Every structure is written in structure tokens, then in C-alpha cells.
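These numbers come from a predicted model, not from an experiment. Start at 1 and go down the list; that is how both ligands and their atoms are numbered.
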Amino acid sequence: MARIFSGIQPSGELHIGNYLGAVKNWVRLQAEHPGAIYCVVDYHAITGSYDPAVLRARRWEMARSLLAAGIDPAQAVLFMQSDVPEHTELSWIFTTITPLGDLERQTQFKDKSSKMESIPAGLLMYPVLQAADILLYRADSVPVGEDQVQHLELARDTSRKWNAKFNVEFFPEPKPLLTPTRRILGLDGSAKMSKSLGNTVGLLEDDESIWQKLRPAVTDPARVRKTDPGNPDVCNIFQLHKAFSSEATQAHVAQQCRSAGWGCMDCKKVLHEGMVAELTPIRRRAELLAAEPARIADALSDGGKVARGIARETIDRVRDIMGLGSLHAP
Ligand code: ADP
């Protein structure tokens, strides 16, 4: 059976891009694949400048949001990356077989480093740690959004290279599991919705705050007046309908848009209803969890113990294969 692993940075709030691209899939997959492993990747969140107090709060909020979104510790293993030091151990091992050029070619590295005066080596090594995150659990299936596909190619290369170097078939080649909503744009319709770009709609935002963001959101730019017919295929709001509205509503919305029967505001109101229906139960669960912090701490602590057991087994075998195992006379 497929072994599932995925991770998310605690660098900001859990937003609907993360939810639709990845976390909703995590929730679906945990039932089909008991023991699916989900990780809050806090070592990935320290590659830029940051405030430790803010990180501390965000790790907590990410754990709470994931549990509220439906990650069930009885089915899945949910934990904090830094609780399992084997992630960094395997990462070092992988840096010794990863070509520098492959890392310099990564789109995310080029984007982020181009805005920096002094580039931390950790930013370059980020996909190596990610390969270690996945391969530590010998996972072969990784539910992620589209932006992670290139990093996963690197993880597959790493797996192949390591296996070939030591002439074993130990690590699998992890493949991405994408959703139909694999790339959600921010409400300006121009860039990927992302914590680092500040263009997100939070999963736990209240109804009014979501509406305040939807109201000015960009739609089909060719639709200037209400009487202009629109094209749902190029409208970011319609993309969100695909995630939050029933198929019947989607068909109705598309028809009203093409015939200029509705204005964009009517279409946004219907989207808002769909979002409220899906997000309200998540927000309620988050409120209940806030009143019981021990449930969050215990869930992640238990998850960390399970993860560490699996991780230790992998590292012991890796060290042994590499000639680094327990010392004895040759
Ligand atoms: P962010 O880009 O907001 O910092 P992460 O890098 O922590 O988020 O990504 C967590 C997961 O969410 C990954 O699987 C990523 O592919 C997915 N994801 C992030 N942003 C989007 C988006 N705009 N649309 C779809 N999936 C996304």
C-alpha cells in the first residue's frame, strides 16, 4: 500500500490555497491510508529572518488549524519536524550526493534569492531537507500543490542516486498527488496565494472578513460593465466556485456569467455562501480546540513518538548501508 507523507510550513496562517491544494487531500487520504504521516515543517520556516516568539505562536496555530481542518490523530501521524532530529541527519547525508547545479536551478530558490542581498545556504538546501522529510519515512506518495512538483523531482533524483551509489533498492521514488485545485491564485488574480505574499484568505477567517476580501477581488478583466458577458474560464472567482460550490451551482454560475444575467457581485455572494458552509464547521472545531490546548499538545507529542520510531529505523539502516553503523573490528 502507498505510504503517504506531506508537510506544511508554520510560516503563517493555514490558508485556502494550502487547504484546497494539499490539506483537504490529506484529510481524504488518512482514511484510505491509515498511518499517513503529516508534518509541520518548522525547520523549513527558519531559512529567512524571523522572530522566535512569532514562530512559536505560528507552530501552535498551524497544529490547531490542521486538527480543525480534519486531520485525525487516530488515523494519521501528525507531528512537528524539529521533534524528530533524524530529518536533519538524513538531510546532511543527501547534501553529499546532490549536485549544486540542480539546487541552483530550482524555481523557488531563484525567485526568493533574487530578492536577497545575502542568500542563506539553507535556502539553497531547502529541497534537500524536503527530500529527507519524505524519504525518512520511505514515502512514495506526497499530496502537495503544483508548486512542489519540481522539488519532488529532486527528491526522486536523490532517491535514485543514493540507491545507485550503494547498490541497493532502499528508497522509493516519491510521486506528487495533485488535486483538481492544485494552484489557487490570490484574490488579485495574478500570483499564487501564498503565506509569504500576504494575499491569503485564512481557513479560520470569519464570514465578514472573507466577504471584505471577496468584494474587491479581480474577476474576468474583459467584463467592465454588468451588461458585458463574462468568461468563467479566465475568472479567478469561478476557479474558487469549482472548489466550494456544487456542480449544479457551478453550471448555473457559469451560465449567468456568460449571458451577463448576473453581475460579478451576485456571483461572489453565491461563492461566499459556499465558503461559509465549508469553513464554518472548521472554525467551530478550531474554537473547541483553543479551549482544550492539551489535546493539541498531546496529539503532536504522540505523533512525534511514532514518527521518531519509523525515522530511527530508516536512519539505522542507512548508516549501516553507508558504512557508518555500530563500530566493530573489520
Ligand atoms: P505557502 O506557499 O503558503 O508558504 P507551503 O509552502 O507551506 O505554503 O505549502 C504547503 C502546501 O500547500 C504545499 O503542498 C503546497 O503545494 C500547497 N500550496 C501552497 N500554496 C498553494 C496554492 N496557492 N494553491 C494550491 N496549493 C498550494
Side-chain angles (χ1 to χ4, degrees), residues 4-30 36-50 54-55 58-59 61-63 65-66 69-71 76 78-82 87 106-112 115 122-123 125-127 129-131 133-134 139 141-155 174-205 213 217-218 236-244 275:
I4 309 281
F5 173 92
S6 198
I8 186 162
Q9 291 193 64
S11 50
E13 65 181 351
L14 183 60
H15 57 78
I16 60 169
N18 302 139
Y19 178 67
L20 299 173
V23 174
K24 199 171 171 182
N25 219 9
W26 298 8
V27 174
R28 189 177 61 75
L29 288 163
Q30 67 185 355
I37 299 172
Y38 302 132
C39 181
V40 179
V41 289
D42 49 358
Y43 271 145
H44 285 281
I46 60 169
T47 39
S49 60
Y50 73 97
V54 173
L55 179 61
R58 284 178 171 171
R59 291 160 89 226
E61 279 308 309
M62 186 53 76
S65 300
L66 290 172
I71 302 299
L78 178 66
F79 70 103
M80 203 57 70
Q81 182 188 30
S82 61
H87 284 251
Q106 299 292 311
T107 312
Q108 280 204 13
F109 172 72
K110 285 196 283 189
D111 284 355
K112 289 187 178 165
K115 294 168 203 138
L123 189 66
M125 296 300 164
Y126 186 107
L129 179 56
Q130 186 171 340
D133 296 337
I134 299 163
S141 304
V142 189
V144 282
E146 195 174 68
D147 55 347
Q148 293 299 330
V149 169
Q150 195 185 28
H151 289 167
L152 273 171
E153 265 168 38
L154 196 117
K175 292 186 182 52
L177 295 179
L178 296 168
T179 63
T181 45
R182 61 193 62 184
R183 185 165 186 269
I184 300 293
L185 297 181
L187 292 178
D188 57 1
S190 60
K192 183 191 90 156
M193 184 177 286
S194 171
K195 296 191 270 276
S196 54
L197 296 178
N199 62 354
T200 55
V201 177
L203 200 65
L204 305 182
E205 265 185 58
K213 288 185 177 176
V218 169
N236 194 31
I237 291 297
F238 188 68
Q239 296 309 309
L240 291 173
H241 268 293
K242 285 189 185 164
F244 288 108
M275 290 177 77

Is the distance between the ring centroids of H44 and Y126 less than 6.0 Å? yes
Mind checking whether Y38 and W26 have parallel, tilted or perpendicular rings, split at 30° and 60°? parallel
Going by an N to O cut-off under 4.0 Å, is there a salt bridge joining E13 and R58? no
Can you list everything that forms a side-chain hydrogen bond (donor to acceptor under 3.5 Å, both in side chains) with N25? Sequence neighbours excluded, please. R28
Residues with a heavy atom under 4.0 Å from ligand 1, by chain and number, are I8, Q9, H15, G17, N18, G21, A22, V144, G145, D147, Q148, R182, R183, I184, K192, M193, S194, K195
How about Q148 and Q130: does a side-chain donor come under 3.5 Å of a side-chain acceptor? yes
Just by modelled atom types, is the S194 backbone N or O under 3.5 Å from a matching donor or acceptor in the N199 side chain? yes
